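Note that the structure is a prediction, hence the values are computed from the model and not measured.
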Amino acid sequence: MRRSLFTLTLACLASLLPSLALAAGPEAEASLKAHSPSVQLGPRPFFLVNDMSESPLKQQLLACTNRPQFTRTNFSIGHRGAAMQFPEHTKESYEAAARMGAGIVECDVTFTKDKELVCRHAQNDLHTTTNILATDLAAKCTKPFTAATIDGSGNVVTPANAECRTSDITLAEFKTLRGKMDAANPRARTVAEYLAGTANWRTDLYSGPTSGTLLTHKESIALFTRLGVNMTPELKSPSVRMPFDGFTQEAYAQKMIDEYKQARVPAQRVFAQSFDKADVLYWVRNEPAFGKQAVYLDDANSVGELPGAAELAGYKAQGINIVAPPIFALLSTDASGNIVPSQYAKDAKAAGLGIITWTLERSGILADGNNGFYYQSFDAAIKREGDMMRVLDVLAQQVGILGIFSDWPATVTFYANCVGLQ
């Protein structure tokens, strides 16, 4: 019954959103299959299944572990690539996501001093996501590195800090940098200590001096085309005042779309995103082929900040077809402690909106509790690592999401293959 209900849900969404790449035409589908290599999941999805409590879902997923082959799926979206272990928004991270079966991969888009588009999560994150502070370009940063102040008892009085923006440097200078795991040590007294802040459940194995290849937005389009994946660029909010040297917000939004058009990428393969509704509505009005499946990201930090039914219906009336809230927005618990769809999830579906959510595999160890932002509305129901599969199952089968961003796409690819999602 769950499978048939989910199939019906997708059918309804397909009728509402006929041009979605998730339901692309036969030519696009054939093209993607022709470029799809054999998917390699590694051991993590199988570890998660083995760690599940006994349930029909566990038995279903265990039966799937002996499949000879797994295939790429648009349900699995590479969040900044495969950022749990690879430096985000790097060539290596994107390639890892595609190899894990992500059918859609994300380039967050910002711009340099010479107004060229590049892939970074924020315009002002170079100090934590690259080696810029260890290079001569550190002198160009908006805020140079300042060491932490620590009192005699070892307490941090003022944390170490810096701020380096893509708009501080030219594209040519940006291309000399190397990506690193997004982290900083607030107790750092030196640049080397500051750059060595990676969480203990992540790794620096893929952050060496010959990896961490940074990409322009155009280079990401070429790479994604070669890999045969769909694309979800996010137009990042600028850290600088706009217009920037004559570069307006509208010109910025248009430039991102123009680079897909110049590369002859069909609009149905692109899910343009923004946390700024004005950007999404700009695409709806001025680039309707792209605007039809543009994604409005919700920046709520708590359940109380989420939009209600009337506001969600208003999005639809304005031409927005897909919303993307964080995972906590879509889930709650019932009186028995089961994970269930939230009121927001019900309201979004009632408004006729497609739903994408973020971000799986970004909360570290789950069994120790206190799992933070993404689990805040249902954390009491999370007891072990394998519960991640329960979360995925409710999102897919009961909420009916179109796809989910993950820092480790193999987990989602495995689940989607096992329950028949494409």
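In this structure, Gln254 CD and Thr248 OG1 are separated by 10.0 Å, a value rounded to the nearest 0.5 Å. Put simply, OH on Tyr374 and CG on Leu366 are 13.5 Å apart, with the number rounded to the nearest 0.5 Å. Taking CD of Glu106 as the start and OG of Ser93 as the end, the distance is 10.0 Å to the nearest 0.5 Å. Atom-to-atom distance recorded for His127:NE2 and Ile132:CD1 is 10.0 Å, nearest 0.5 angstrom. Between the CZ atom in Phe405 and the CD1 atom in Ile77 there is a gap of 4.5 Å [rounded to 0.5 Å]. Taken to the nearest 0.5 Å, the OG atom of Ser53 stands 7.5 Å off from the NZ atom of Lys58.
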- Task: With side chain to side chain donor-acceptor pair (under 3.5 Å) as the test, would you mind laying out the steps for Asp114 and Thr170 before giving the verdict?
- Result: CA-CA 5 Å; Asp114 44 355; Thr170 66; 4.8 Å; no
- Message: For Lys218 and Glu116: C-alpha separation, side-chain torsions, deciding distance, then whether salt bridge (charged side-chain N to carboxylate O under 4.0 Å, His left out) applies.
- Response: CA-CA 10 Å; Lys218 288 181 180 179; Glu116 294 296 331; 5.2 Å; no
- Message: Walk me through whether Asp279 and Gln249 qualify under side chain to side chain contact (heavy atoms under 4.5 Å, CB included).
- Response: CA-CA 8 Å; Asp279 293 335; Gln249 184 68 27; 3.1 Å; yes
- Task: Would you sort out whether Cys164 and Asn124 count as a side chain to side chain contact (heavy atoms under 4.5 Å, CB included), showing the intermediate values?
- Result: CA-CA 5 Å; Cys164 303; Asn124 63 340; over 6 Å; no
- Query: After noting the C-alpha distance and the side-chain angles of Cys119 and Tyr94, does the key distance pass the side chain to side chain contact (heavy atoms under 4.5 Å, CB included) rule?
  - Reply: CA-CA 11 Å; Cys119 298; Tyr94 292 151; 3.5 Å; yes
- Message: Under the criterion side chain to side chain contact (heavy atoms under 4.5 Å, CB included), I'd like the reasoning laid out for Val323 against Tyr344: C-alpha separation, chi angles, the key distance, then a yes or no.
- Response: CA-CA 11 Å; Val323 290; Tyr344 173 100; 3.6 Å; yes
- Query: Is there a ring pair (Phe, Tyr, Trp, His ring centres under 6.0 Å) between Phe46 and Phe414 once you walk through the steps?
  - Reply: CA-CA 9 Å; Phe46 307 96; Phe414 170 83; 5.2 Å; yes
- Task: Would you please test Lys292 and Asn321 for side chain to side chain donor-acceptor pair (under 3.5 Å) and show each step?
- Result: CA-CA 7 Å; Lys292 190 175 293 186; Asn321 287 319; over 6 Å; no
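Cation-pi geometry between Arg67 and Phe70 is met: under 6.0 angstrom from the ring centre, within 45 degrees of the axis.
Taking the centre of each ring, Phe244 and Phe111 come in below the 6.0 Å mark. In this structure, Tyr375 has its ring center at least 6.0 angstrom away from the ring center of Phe328.
Side-chain contact between Phe373 and Asn301: present, with at least one pair of heavy atoms (C-beta onward) separated by less than 4.5 Å. Contact annotation: the side chain of Val391 approaches that of Phe378 to within less than 4.5 Å [non-hydrogen atoms, C-beta and beyond]. Using a 4.5 Å heavy-atom cutoff, the side chains of Thr232 and Val105 are not in contact. Residues Asn371 and Asp379 are in side-chain contact: their nearest non-hydrogen atoms beyond the backbone lie under 4.5 Å apart. The shortest side-chain heavy-atom distance between Tyr252 and Tyr282 does not fall under the 4.5 Å cut-off. For the pair Ile169/Leu126, a side-chain contact is recorded, criterion being any heavy-atom separation below 4.5 Å from C-beta on. The closest side-chain heavy-atom distance from Leu62 to Asn50 is below 4.5 Å. The closest side-chain heavy-atom distance from Ile404 to Ile356 is not below 4.5 Å.
Surrounding CZ of Phe247 are more than 12 heavy atoms belonging to other residues, nucleotides or ligands, all under 6.0 Å away. Shown here is Asn155, whose CG atom has more than 12 heavy atoms of other residues, nucleotides or ligands within 6.0 Å. By the 6.0 Å contact criterion, NZ on Lys277 is enclosed, its count of non-hydrogen atoms from other residues, nucleotides or ligands being greater than 12. Annotation: Asp368, atom CG; neighbour count of heavy atoms from other residues, nucleotides and ligands within 6.0 Å is above 12.
If you check the side chains of Thr213 and Glu92, you find a donor sitting under 3.5 Å from an acceptor. Asp276 and Ser274 are not linked by any side-chain donor-acceptor pair at a separation below 3.5 angstrom, with hydrogens and angles left out of the test. Checking Asn161 against Lys143 by side-chain atom types alone, no donor-acceptor pair falls below 3.5 Å.
Judged by distance alone, the side chain of Ser377 and the main-chain N or O of Ser332 form no donor-acceptor pair under 3.5 Å. Side-chain atoms of Gln293 come within 3.5 Å of backbone atoms of Ala267 as a donor-acceptor pair (strictly under, hydrogens ignored). Under the 3.5 Å distance criterion, the side-chain polar atoms of Asn185 are left unmatched by any main-chain donor or acceptor of Ala196. Within the 3.5 Å criterion, the main-chain N or O of Pro87 finds no donor-acceptor partner in the side chain of Arg80. Checked by atom type and distance alone, the side chain of Lys180 pairs as donor or acceptor with a backbone atom of Thr128 at under 3.5 Å. Not a single donor-acceptor pair under 3.5 Å links the side chain of Ser239 to the backbone N or O of Gln123. Trp358 places a side-chain N or O within donor-acceptor distance of the main-chain N or O of Ala324, the cut-off being under 3.5 Å. Between the side chain of Arg178 and the backbone N or O of Thr130, no donor-acceptor pair lies under 3.5 Å. Using modelled atom types, one side-chain atom of Asp168 and one backbone atom of Arg165 make a donor-acceptor pair closer than 3.5 Å. Judged by distance alone, with hydrogens and angles left aside, the side-chain atoms of Lys349 form a donor-acceptor pair with the main-chain N or O of Val399 at under 3.5 Å.
Checked for salt-bridge contact, Asp108 and Arg120 miss the test: no charged N lies under 4.0 Å from a carboxylate O. A salt bridge is defined here as a Lys NZ or Arg NE, NH1 or NH2 lying under 4.0 Å from an Asp or Glu carboxylate O, and Glu193 with Arg189 fails to meet this definition. Salt-bridge check for Glu95 with Arg99: failed, with every basic side-chain N at 4.0 Å or more from each acidic carboxylate O. Using a cutoff of 4.0 Å between basic side-chain nitrogens and carboxylate oxygens, Arg390 and Asp393 are not scored as salt-bridged. Between Glu361 and Arg44 there is a salt bridge, with a side-chain nitrogen of the basic residue lying less than 4.0 Å from a carboxylate oxygen of the acidic one. Using a 4.0 Å cut-off between a side-chain N of Lys or Arg and a carboxylate O of Asp or Glu, Arg362 and Asp407 qualify as a salt bridge. With respect to Lys236 and Glu234, a salt bridge is recorded, a charged nitrogen being found less than 4.0 Å from a carboxylate O.
Using cut-offs of 30° and 60° on the angle between ring planes, the pair Tyr260 and Phe290 is tilted.
Screening Asn417, Thr411, Thr413 for a side chain to side chain donor-acceptor pair (under 3.5 Å) involving Ser76 leaves a single residue, Thr413. Just one of Leu395, Leu330, Val394, Leu331 meets the side-chain contact (heavy atoms from CB on, under 4.5 Å) condition when paired with Pro341; it is Val394.
Contact between Ala188 and Ala160 at its shortest, heavy atoms only, is O-CB, 3.5 Å.
In this structure Lys175 satisfies the salt bridge (Lys or Arg N to Asp or Glu O under 4.0 Å) test together with Glu219, sequence neighbours excluded.
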